[in-house]
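Written below as structure tokens is the structure these notes are about.
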2 protein chains.
Amino acid sequence: MRPTEKPFTLTAQKVSCGRCCLRELCAPIDVTPQQEDLLHALVKQQHLSIRRGDHLYRGGMPFHSLFAIHTGSFKTYMLTDDGRERVEGFYLSGDMLGMDGISGDTYTLSAVALEDTGICVLPFHRLEELTRESPVVQRQFHRMMSREILRDKGIMMMLGQMTAEERLAAFLLNLSQRYEARGFSATELSLRMSRQDIANYLGLKPETVSRLLSRFQDDGIIAISGKNVHIVHIDRLRAVLGFGDGIYFDQLP
Amino acid sequence: MRPTEKPFTLTAQKVSCGRCCLRELCAPIDVTPQQEDLLHALVKQQHLSIRRGDHLYRGGMPFHSLFAIHTGSFKTYMLTDDGRERVEGFYLSGDMLGMDGISGDTYTLSAVALEDTGICVLPFHRLEELTRESPVVQRQFHRMMSREILRDKGIMMMLGQMTAEERLAAFLLNLSQRYEARGFSATELSLRMSRQDIANYLGLKPETVSRLLSRFQDDGIIAISGKNVHIVHIDRLRAVLGFGDGIYFDQLP
DNA sequence: ACAAAAAAATGACTTAGGTCAAGCGGCTCT
DNA sequence: AGAGCCGCTTGACCTAAGTCATTTTTTTGT
């Protein structure tokens, strides 16, 4: 079932970890420089490079750490009993991975790199220690977990009541928003994931995603060239959702 | 849009709170009696009685507490921009409510009682204090939040790739499992929520839910009488999902 | 740089579930 | 207790999205 590939190893490396990889924990509030130093000390200890197609973790592996994405992007998925996969989300630089592992002793999802990536390892027991010492860091960590819950509620909303067209529009707008928050263009998207993955994530079939992308292009809303999507009329894309603006189905910063 | 009803007030009452209402925090592990006392001291402070149809909290209200359901059941929902509601979940005695409020300063969902209920209030800042003092309680709280995340991933899975028939079977089996975990019959379910709510939760239309319940009954799998469902052949209900047993789409204990 | 393989696009047709409409029955309220 | 209302059920029909099949494009490995 699982493709053979090199086993999961913690390849410690000397990679400088900018503050971006702690966006979720530090931002958006008043972590004092001192506390920030603590966080950076924590995260600076271990770094990993995960190549495109390799796994950061797999469902069933013992849980020990959370991971902050320094560069690159991941998809997470869950395996069904009959071996098919269900894509649960796409994570970009600054996002935190691994929270699905906290409740048990093992990770529940699997995380696979969509491109060559650099990630920071946060040993969970160290993070817990730190949150016991600093109420501010504690609160920030709790916010982070709660945000993941909200994110999921948003996706449930989408899967529960949006049409295929609305889902795809919401997906593109969400990506646009997140790219923008990272300082990239909000209208020039580079889709790192396959149409298959997009379809799976949105609860659709690849053919439907293909058709809809073509339709959006024919309507002049977007221009596609392979993995690159140019959003020509972001307002018309918003209009597909039937309301002006706001947050779509996934509020990750 | 919102029906007028008595405003949200913290009607402190003298209700004895059995340990059941802290299932999520204490169970299943080794909280020492001492720590358990701390938790109970925390939770014993405030109790609420919420009548059927009344709200425990509403999206937009300032966040201050988590709530443990002592008796009764709730549904949570989110309002869409155009005022329709999306049912996010059903919560039974022992379940924890309000985690959607942690990430912001306000609750995001709304929680409405499906019957007359008794709930315990856990002021969040007190809970955070407590988790700073006790690593065991801290870990347990983190597990609880992570379990909520997993629960949502499970629902996403359902909404993303199950047929209507599978969703309804999963819903019934999930309820059965949770009733059983609370010491009730696994085969005699009393549905506290409307067909509308079930449909909305499952991403279906009420007519479809009705038809499927009738079909399950015609097939002899269940026997329905209004809100009461008797599961006649739980194995055949499991077979609808295409695999033997296990956990369905929602692992709340 | 080329060939093979995988991914994506497109068309024809099917179907699960939605929509609309009508009748039934069990609660709620006075 | 009885009237009225709302929620539930059921039927007939429709449509959005899925399925299957074919072609085109992109990616990958030598």
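The model shown is predicted, which means the values in this text are computed figures rather than measured ones. So you know, we letter chains A, B, ... as the sequences are listed, proteins then strands, and number each from 1.
Taking a cutoff of 4.0 Å between a charged side-chain nitrogen and a carboxylate oxygen, B/R192 and B/E115 qualify as a salt bridge.
Annotation: cation-pi pair B/R151/B/Y91 present, NZ/CZ under 6.0 Å from the ring centroid and within 45° of its normal.
Judged by atom type and distance alone, B/R195 does not reach the base of D/dT10 through any side-chain donor-acceptor pair under 3.5 Å. One donor-acceptor pair, N or O on each side, does fall under 3.5 Å between the base of D/dG11 and the side chain of B/R211.
Side-chain contact between A/T76 and A/V87: absent, with no pair of heavy atoms (C-beta onward) separated by less than 4.5 Å.
Here the side chain of B/R52 is nearest to one of C/dT28, C/dA8, D/dT19, namely C/dT28. If you check D/dG18, C/dT10, C/dA9 against the side chain of A/S214, the one that comes closest is C/dT10. In this structure, of C/dA9, D/dA17, C/dG18, it is C/dA9 that holds the atom nearest to the side chain of A/S210.
Residue B/E207 is in base contact, counting any heavy-atom pair closer than 4.0 Å across all strands shown. Within 4.0 Å (heavy atoms only), A/S194 reaches sugar-phosphate atoms of the nucleic acid but no base atom. No engagement by B/L213 is indicated, since no non-hydrogen atom pair under 4.0 Å with the nucleic acid exists.
In this structure, CG of B/L212 is placed 11 Å from P of D/dT9, rounded to the nearest angstrom. Protein atom CD of B/Q161 is 14 Å distant from nucleotide atom P of C/dG17, rounded to whole Å. Distance CG (B/N200) to P (C/dG18): 12 Å, rounded to an integer number of Å. Separating the NZ atom of A/K205 from the C1' atom of D/dA21 is a distance of 16 Å, rounded to the nearest angstrom. A/M193 places its CE atom 15 Å from the C1' atom of C/dA7, with the value rounded to the nearest Å. Rounded to whole angstrom, the span from the CD atom of B/Q196 across to the P atom of D/dC8 amounts to 7 Å. Between A/K227 atom NZ and C/dA7 atom P the separation is 9 Å, expressed in whole Å. Summarising the geometry, the separation between CE on B/M162 and P on C/dA16 is reported as 18 Å, rounded to the nearest angstrom.
Using cut-offs of 30° and 60° on the angle between ring planes, the pair B/Y57 and B/F67 is parallel.
Both A/T208 and A/S225 sit near DNA chain D, but only A/T208 has its closest nucleotide nearer the 5' end.
A/E180 and A/S185 share no donor-acceptor pair across their side chains, judged by distance under 3.5 Å alone.
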